[in-house]
Amino acid sequence: MAQYQITNQPAPIDFECNDDIIARTIQNAKNLLMCKMGEVPYDRYRGFNPALFDLPMQQFEERLLPELDRVMLWEPDVEIVGATCDQDENGSIIITATIEIDIEE
């Protein structure tokens, strides 16, 4: 199985990846990572819990993997392998997740 990295940094959506199931799955996983819990009407639990951003960095890192596992439940072909977080110069937290995609091509 191949591994890929996604981040919570905004990027344009690639509307041309309809034929590539892997690219579409990566994009779906990135969209789930960027979505905040409560943003999706009628599905308020979908997305990353924004309350975690208020925690000290050590507690944030401890809760990151379980939260990412929960978020990726909406994309069943993706498994979180690892994750890191850093702060940029503006104080924003950048999450980098390593995902594994289990799709037969």
Side-chain angles (χ1 to χ4, degrees):
M1 288 184 273
Q3 292 185 356
Y4 305 91
Q5 285 194 336
I6 58 173
T7 67
N8 65 334
Q9 294 182 304
I13 296 173
D14 182 12
F15 291 104
E16 301 298 321
C17 69
N18 290 334
D19 295 337
D20 187 2
I21 187 81
I22 300 292
R24 191 171 68 222
T25 304
I26 293 169
Q27 185 167 287
N28 291 345
K30 181 172 176 67
N31 289 343
L32 284 169
L33 179 59
M34 293 179 58
C35 182
K36 302 274 188 296
M37 184 187 289
E39 286 182 334
V40 179
Y42 303 107
D43 197 357
R44 299 291 181 188
Y45 292 112
R46 184 180 301 214
F48 197 83
N49 185 355
L52 295 180
F53 290 112
D54 294 333
L55 296 174
M57 197 61 141
Q58 183 179 2
Q59 289 180 6
F60 182 86
E61 289 174 350
E62 291 170 1
R63 296 184 183 184
L64 182 59
L65 278 176
E67 179 65 11
L68 289 175
D69 283 336
R70 185 195 65 77
V71 169
M72 291 304 154
L73 288 174
W74 281 272
E75 185 55 62
D77 296 323
V78 172
E79 181 180 337
I80 298 291
V81 176
T84 61
C85 58
D86 296 309
Q87 274 188 317
D88 66 3
E89 63 276 355
N90 300 325
S92 298
I93 295 178
I94 299 171
I95 300 169
T96 304
T98 304
I99 60 173
E100 199 168 75
I101 297 180
D102 185 23
I103 295 179
E104 300 290 329
E105 287 193 75

Practice problem: Output yes when a side-chain donor or acceptor of Lys30 lies under 3.5 Å from a complementary backbone atom of Gln5, and no otherwise. | Solution: no

Exercise. Verify the cluster assignment for Val71 and Ile101: are they in a single hydrophobic cluster under the rule of side-chain heavy atoms below 4.5 Å apart?
Key: yes

Self-check item: Heavy-atom side-chain proximity of Ile95 to Thr7 below 4.5 angstrom
Solution: no

Quiz prompt | Residue pairs, two or more places apart or on separate chains, that pass side chain to side chain donor-acceptor pair (under 3.5 Å) and touch residues 75-96 | solution = Asn28-Glu75

Quiz prompt | Ala51: partners by side-chain contact (heavy atoms from CB on, under 4.5 Å), with sequence neighbours left out | solution = Asn49

Exercise. Check whether any side-chain heavy atom of Val40 sits under 4.5 Å from a side-chain heavy atom of Tyr45, and report yes or no.
Key: no

Exercise. Please report the closest heavy-atom contact between Arg46 and Cys35, naming both atoms and the distance.
Key: O-SG, 4.1 Å

Quiz prompt | For Gln3 against Glu100, the heavy-atom pair lying closest together | solution = NE2-OE2, 3.3 Å

Exercise. Can you tell me which residue pairs pass the ring-ring contact (aromatic ring centres under 6.0 Å, His included) test with a partner in residues 66-96, sequence neighbours excluded?
Key: none

Quiz item: Met57 and Ile94: same hydrophobic cluster, using ILVMFWY side-chain contacts below 4.5 Å?
Solution: no

Exercise. Using the test ring pair (Phe, Tyr, Trp, His ring centres under 6.0 Å), find all partners of Phe60 that sit at least two apart in sequence or belong to another chain.
Key: Phe53

Self-check item: With sequence neighbours excluded, residues passing side-chain contact (heavy atoms from CB on, under 4.5 Å) with Met72
Solution: Ile6, Ala29, Leu32, Leu33, Val78, Ile80

Practice problem: Find the distance between CD1 (Ile26) and CD1 (Ile21) and round it off to the nearest 0.5 Å. | Solution: 11.0 Å

Quiz item: Given side chains that start at C-beta, do those of Thr25 and Ile22 come closer than 4.5 Å, heavy atoms only?
Solution: no

Practice problem: Kindly give the heavy-atom pair with the smallest separation between Ala97 and Leu68, and that separation in Å. | Solution: CB-CD1, 4.1 Å

Exercise. Just grab all the side chain to side chain donor-acceptor pair (under 3.5 Å) pairs involving residues 55-70, residues at least two apart or on different chains.
Key: Glu67-Arg70

